[in-house]
Amino acid sequence: AYARLELRCPRALDPRPSWTLGDVLTELDALEATRRAAPPTPLKQQPEWAGGGSARKKAFVMRIEEEDDTEEEDDNEDARALVTGARFSCNDLECSSFEESGDELDSCSTSYHLMEKRSLEKSILLELERDHYLKIQEEVRSKLSSLEVCHQNEIQRTITSFARLQKYAESRKEIDRRLDVQFQRKIAEVLDKHLSMVQRDHEQKSQIVERRIRDDAAVEEAKRREQSMKEEKIKQERARQEAEARQKATAKLAADAQKAAYEAAQKEAVEKEAAKSRAEAVSTSSQISQNSVAHATMATSTEIKSELPGIKIYADRSALEAESRRRALHDQVPSNIYLSKEYSRYDRQIGKSISKLMPTTDSVKARASELIKALDGQDCPRPIACRLFADKMISIVKSRNPTDKTFGKLAFACGYVMLLVTNQVPDAMGYLLAEFNKVCMYTVPKHLHALNAQARNTDYFRLIGYQEEDGKLQSTEKYLVNVVAYVKLYAAMIQTEIKGVRHPHGLAEGWKWLAMFLNTLPAIPATAFALHAFLKVAGFSLHKKYGSQFMKILDVISRHFIPALKAQGSKVQPEAINNLQNYLNDKIYLEEPEGQYLAQQLLSKMFL
């Protein structure tokens, strides 16, 4: 029979590829302890078949392992397979037990049989197991040595890498230090340049300030000289006026005496003619009574004879008289007074102040204060200052865009400024109204109608307010835009009210203007646009003050003015009719116009 031999190799001795150095050392220590604790190898016994059939029994061979303390002797002992011992002729000798071994082992002693019978297969198996154990131990040691070498190489590479990193860090530090030094040097250069520029600017500013101080001193000196010269002129003028007043008083006394004598003579002549007139009165009384009704209806006739041929004037007589008085006041100051070197500075000052006007409370207060100060100045005579103020205020229609939506707010702001200025300087209102009547005849109100084609010449168009642009008269559309803008500005001045501030030309004058406009002026496109502009700005205030009376005015417009406008057919622009109809149908007079309110309480507190 055949016996199956199997190598007894413990699984724990197989080296794992994933072992670490610590695991390998731990496994080696465990193997060494196991080897020390194992019983000594029994003596090999020659098998029966080794004698070649001889009846002679072979003696057993004892093999004893010898261990030294040093690693070199252990290696030599491991290299030797077995040590041949003394042969004894002991047939059927069995050792039941053996005493404890005396060698220095870490584990406890184990009892074993020295004279145990063993078969060949077991002996061979033990030899193979021993060889396998030594082979595994050698492989593990070789792998351990290779791992130690790799570990040392890795340590060396790590040290080298750390050295390179340290060297690189030092080089970077050196580079950064150089860059910092260079950057600090650049910063110092830029700072030095900046400080030098600041110092240079400071020196220039100080020079400018010194120059301004010298210039101001020179200007003050010139002003003092000019003031002294003006005072001297004023004294001379007063003396001349006093002399003229005395002469006028003397002439007036003489004229009064002559007038008294003339009146006495006239009184006698009147008494003589009185008797004759009584007789004639009886015969003509019947005729006068028949014609009285007709003359009463024509008392407020809208037709006034014009001095210009071919032109018919539509206006109220009282309005024309007021216009004549304002024109006489306005013509006292030459229209080109702003060209004079002496007063051109005041013209620029007033124009600059008005040009900065904005529809805000702060702007209105600032501009009004500046203008009041300019008109109250002693350097410029009051009439000249008022004429310059009126010209610049009304010319805001030319300097601003009347078609802009913000012009309505600007018109209200101008109304506040005009009220505040005329409240402190009452003479300025006459010049303002004269300038309004000059640039737009509908502010009187008045209308000039050409009776024939010959009268509709260039002079006629200039007379009614057409302006020249590049040597030609402006178009009718631009003329109507200007008419609307001037009427809006006039209406804004009329409707402006500030608590505690008296208005020299307020809503009462606006009511009077509206009545005269509807009673005297014809229904044409120009008057329709002017009427709508006036109602759009001042209609809310008039309705608030007059109530039902204002509603009657609107009824007259609806029942008489608009139908008369429609009766002209294609001559009238549809926009003129639609504006008035929309104003009445939508009841716009109940809505407060945008920009009308500009903190009246604050303005009244400032100028009271």
Side-chain angles (χ1 to χ4, degrees), residues 348-375 388-425 428-429 432-433 435-436 439-440 443 481-501 503-507 510 529-530 532-544 579 583 588-608:
R348 290 193 300 271
Q349 179 182 355
I350 294 173
K352 183 178 180 181
S353 179
I354 294 176
S355 64
K356 294 188 294 183
L357 178 61
M358 299 296 293
T360 61
T361 304
D362 295 336
S363 179
V364 168
K365 291 191 294 185
R367 303 292 84 77
S369 300
E370 293 175 359
L371 293 172
I372 291 172
K373 185 177 179 181
L375 296 181
L388 295 175
F389 164 71
D391 291 347
K392 294 298 180 183
M393 181 58 70
I394 306 304
S395 65
I396 199 169
V397 174
K398 299 179 181 179
S399 60
R400 304 293 179 93
N401 184 12
T403 60
D404 192 2
K405 293 182 179 180
T406 60
F407 183 78
K409 297 181 181 180
L410 182 64
F412 286 114
C414 293
Y416 279 101
V417 171
M418 286 187 282
L419 174 57
L420 294 171
V421 172
T422 54
N423 179 259
Q424 300 293 322
V425 187
M429 180 55 73
L432 280 172
L433 295 175
E435 190 66 25
F436 270 119
V439 297
C440 180
T443 59
V481 168
N482 289 340
V483 167
V484 170
Y486 287 124
V487 173
K488 281 185 177 180
L489 191 62
Y490 176 72
M493 181 191 69
I494 286 175
Q495 65 85 40
T496 302
E497 291 182 343
I498 300 177
K499 186 177 180 180
V501 178
H503 201 315
H505 196 82
L507 281 175
F529 279 108
H532 175 259
F534 184 85
L535 293 175
K536 187 176 181 181
V537 176
F540 176 79
S541 299
L542 290 172
H543 176 265
K544 186 177 179 181
N579 288 339
Y583 182 85
I588 300 177
Y589 52 86
L590 299 178
E591 301 175 3
E592 180 178 353
E594 185 179 2
Q596 180 185 20
Y597 181 72
L598 282 175
Q600 298 181 4
Q601 302 267 340
L602 297 177
L603 292 174
S604 61
K605 288 181 181 178
M606 177 180 178
F607 290 96
L608 280 177

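- Interatomic distance, Ile588 CD1 to Lys536 NZ, rounded to the nearest 0.5 Å: 7.5 Å.
- Pro359 and Ala413 get closest at one heavy-atom pair: CA-CB, 3.8 Å.
- Heavy atoms of other residues, nucleotides or ligands lying less than 6.0 angstrom from NZ of Lys356 number more than 12.
- In terms of heavy atoms, Met358 sits closest to Ser363 at N-OG, 2.8 Å.
- At least one donor-acceptor pair closer than 3.5 Å links the side chain of His503 to the backbone N or O of Met493.
- In this structure, the side chains of Cys440 and Asn482 stay at 4.5 Å or more apart for every pair of heavy atoms.
- The nearest pair of heavy atoms linking Val537 to Gln495 is O-CG, 4.1 Å.
- Side-chain N or O atoms of Ser353 include none that pairs as donor or acceptor with a backbone N or O of Ile350 at under 3.5 Å.
- Looking at Tyr583, its side chain does come within 3.5 Å of a backbone N or O of Leu535 through a donor-acceptor pair.
- The distance from atom CZ of Phe407 to atom CG of Leu489, rounded to the nearest 0.5 Å, is 6.0 Å.
- Considering only heavy atoms from C-beta on, Leu590 stays 4.5 Å or farther from Phe540 through its side chain.
- Rounding to the nearest 0.5 angstrom, the gap separating the OH atom in Tyr486 from the OG1 atom in Thr443 is 10.5 Å.
- A heavy-atom distance below 4.5 Å is found between the side chains of Cys414 and Leu357.
- Of all heavy-atom pairs between Leu420 and Ile372, the closest is O-CD1, 3.8 Å.
- Arg400 contributes a side-chain N or O that, together with a main-chain N or O of Ser355, makes up a donor-acceptor pair within less than 3.5 Å.
- A salt bridge is defined here as a Lys NZ or Arg NE, NH1 or NH2 lying under 4.0 Å from an Asp or Glu carboxylate O, and Arg367 with Glu370 meets this definition.
- Note on ring orientation: taking the six-membered ring where Trp is involved, the planes of His543 and Tyr589 are tilted (angle from 30° to 60°).
- Side-chain contact between Phe412 and Val417: absent, with no pair of heavy atoms (C-beta onward) separated by less than 4.5 Å.
- Between the OG atom of Ser395 and the CD1 atom of Ile354 there is a distance of 6.5 Å, given to the nearest 0.5 Å.
- Pairing each heavy atom of Leu432 with each of Ile394, the nearest pair is CD2-CD1, 4.3 Å.
- Within the model, atoms CE of Met393 and CD of Glu435 stand 11.5 Å from one another, a figure rounded to the nearest 0.5 Å.
- Taken to the nearest 0.5 Å, the OG1 atom of Thr496 stands 9.5 Å off from the CD1 atom of Ile494.
- The aromatic rings of Phe436 and Tyr490 stand perpendicular to each other, their planes meeting at an angle above 60°, with 30° marking the opposite boundary.
- Distance alone, capped at 3.5 Å, is enough to place a donor-acceptor pair between the Thr422 side chain and the Met418 backbone.
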